[in-house]
K.L.:
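The structure follows.
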Protein chains: 2
Amino acid sequence: MKITTKSRYAIRSIFALVLLGGDERPVTLTQIAEHEDISRKYLEQIFIKLKKSKIVEGSRGAQGGYILAKPANMITLKEVIYAMDGPVSVSDCTNESVCGNFDHCGINWLWSGLKKTVDNYLENITIYDLKRQATGGKDVNLS
Amino acid sequence: MKITTKSRYAIRSIFALVLLGGDERPVTLTQIAEHEDISRKYLEQIFIKLKKSKIVEGSRGAQGGYILAKPANMITLKEVIYAMDGPVSVSDCTNESVCGNFDHCGINWLWSGLKKTVDNYLENITIYDLKRQATGGKDVNLS
DNA sequence: TATAATTACTACAAGGCAGCTAGGATATGG
DNA sequence: CCATATCCTAGCTGCCTTGTAGTAATTATA
Ligand code: FES
Ligand code: FES
């Protein structure tokens, strides 16, 4: 029942990206890696996935780096986690192809219910919320 | 972000235990293993844990087996999962002993919030609810 | 009291996979 | 051209879950 560290790194990294000005000019992975004390090589893989999911945009070469692909308040945690690990799966018993007993199982509604609960929580928090929380709610402008 | 199969097996097994009359007379693991198509040897380990957590009671020897240690509506899913895997941990960053950055981390409230959400869901469903759901809500007597 | 049934306990093997490292290819500003 | 970055692929490693195996302890019953 754990959020993978990859997903947590991703969230922390995007948060750091915003703090370092990534909503305006490119921020390099090296900066983020130092700020968050995460392996830069590992970050590379994370950001490639984030890029594929249209959460950030990368620009190569000197003076390159990453910027947000959309406003911070449009990036939900669910989205980020999905980009890392695919859809949140709370149980392996999600359909009949994986569990022969699926149709006759009396309790799989438990897991769809739990998934819905978790998804709902993660859908309603955005990167902007992290920033606002960190600055004590004083911040108003969102990018 | 998965409930372990051990926990799912445990829940299914207790559910089966109730269906097989385990709120009155002992039900053997062999019965449950057949009913749920789970390895009996694996069930043994599961039930030893359930016993240690005072969820079931075992009686040895011929005509032995397991019965519920308390009414089905007093057994929450959270309790069962706790018995299997310990407290639900949604992130490794739960205290400063494990994460040096804990005190200065701006986002760990996320994980405590998520944990609370999940715990709340699991706390409010009991084994009796499973039975009621399975019988279309017609059942009234709870043991 | 012998026997079959059944739980209680311990050890460990196999596999998957998350987490991370490594090396090189490609693009770009100065 | 060169320093700076992203982009892409491959693979290692250790842990943890899942499951098997063997044996001891207990008890109803004939
Ligand atoms: S859906 Fe697979 S056992 Fe319930
Ligand atoms: S608490 Fe460990 S990084 Fe946030």
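Just so we're on the same page: letters track the sequence lines, and every chain starts at 1.
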K.L.:
For Asn95(A) and Val98(A), indicate whether the former's side chain and the latter's backbone hold a donor-acceptor pair under 3.5 Å.
P.N.:
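The answer is yes, because a donor-acceptor pair under 3.5 Å joins these two groups.
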
K.L.:
Any carboxylate oxygen within less than 4.0 angstrom of a Lys/Arg side-chain nitrogen, looking at Lys2(B) and Asp92(A)?
P.N.:
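A salt bridge is present here (some side-chain N lies under 4.0 Å from a carboxylate O).
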
K.L.:
Rounded to the nearest Å, what distance is computed from the CZ atom of residue Arg40(A) to the P atom of nucleotide dA22(C)?
P.N.:
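That distance rounds to 12 Å.
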
K.L.:
Tell me whether Arg132(B) is salt-bridged to Asp129(B), with the criterion being a basic N under 4.0 Å from an acidic carboxylate O.
P.N.:
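Counted as a salt bridge, because a side-chain N and a carboxylate O are separated by less than 4.0 Å.
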
K.L.:
Please give, in whole Å, the distance from dT6(C) P to Ile32(B) CD1?
P.N.:
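The answer, rounded to whole Å, is 12 Å.
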
K.L.:
In whole angstrom, what separates Leu29(B)'s CG from dA5(C)'s C1'?
P.N.:
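So the CG-C1' distance, Leu29(B) to dA5(C), works out to 12 Å.
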
K.L.:
Measure from CD on Gln63(B) to C1' on dA4(C) and round the result to the nearest Å.
P.N.:
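Computing the Gln63(B):CD to dA4(C):C1' distance gives 10 Å.
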
K.L.:
Quick one: does Lys41(B) reach the base of dG22(D) with a side-chain donor-acceptor pair under 3.5 Å?
P.N.:
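It does, because a donor-acceptor pair links the side chain of Lys41(B) to the base of dG22(D) below 3.5 Å.
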
K.L.:
Can you list, in residue-number order, the parts of residues 46-54 of chain A that come under 4.0 Å of DNA chain D, counting heavy atoms only?
P.N.:
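Contacts with DNA chain D under 4.0 Å: Ile48(A), Lys51(A).
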
K.L.:
Write down the distance between NZ (Lys6(B)) and C1' (dC16(D)), rounded to a whole number of angstrom.
P.N.:
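That distance rounds to 10 Å.
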
K.L.:
OP1 or OP2 of dA5(D) sitting under 4.0 Å from any side-chain N/O of Thr30(A)?
P.N.:
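No, because none of the side-chain N or O atoms of Thr30(A) sits under 4.0 Å from OP1 or OP2 of dA5(D).
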
K.L.:
Hey, which sits more toward the 5' end of DNA chain D by its nearest nucleotide, Arg60(A) or Thr5(B)?
P.N.:
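Upstream on the strand: Arg60(A).
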
K.L.:
Is the phosphate of dT6(C) approached by Ser59(B) (side-chain N or O, under 4.0 Å from OP1 or OP2)?
P.N.:
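No, outside the criterion.
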
K.L.:
So, does the side chain of Gln45(B) form a donor-acceptor pair with the base of dC9(C) at under 3.5 Å?
P.N.:
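Donor-acceptor pair under 3.5 Å: no.
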
K.L.:
Parallel under 30°, tilted from 30 to 60°, perpendicular over 60°: which one fits the rings of Tyr66(B) and Phe47(B)?
P.N.:
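Tilted.
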
K.L.:
Take the protein atom CZ of Arg25(A) and the nucleotide atom P of dG29(C), then report the distance between them rounded to whole Å.
P.N.:
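Value for this atom pair: 17 Å.
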
K.L.:
From OH of Tyr9(A) over to P of dG19(C), roughly how many Å is that when rounded to an integer?
P.N.:
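For the pair Tyr9(A) OH and dG19(C) P, the rounded distance is 8 Å.
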
K.L.:
What integer distance in Å separates Tyr42(A):OH from dA18(C):C1'?
P.N.:
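The answer, rounded to whole Å, is 6 Å.
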
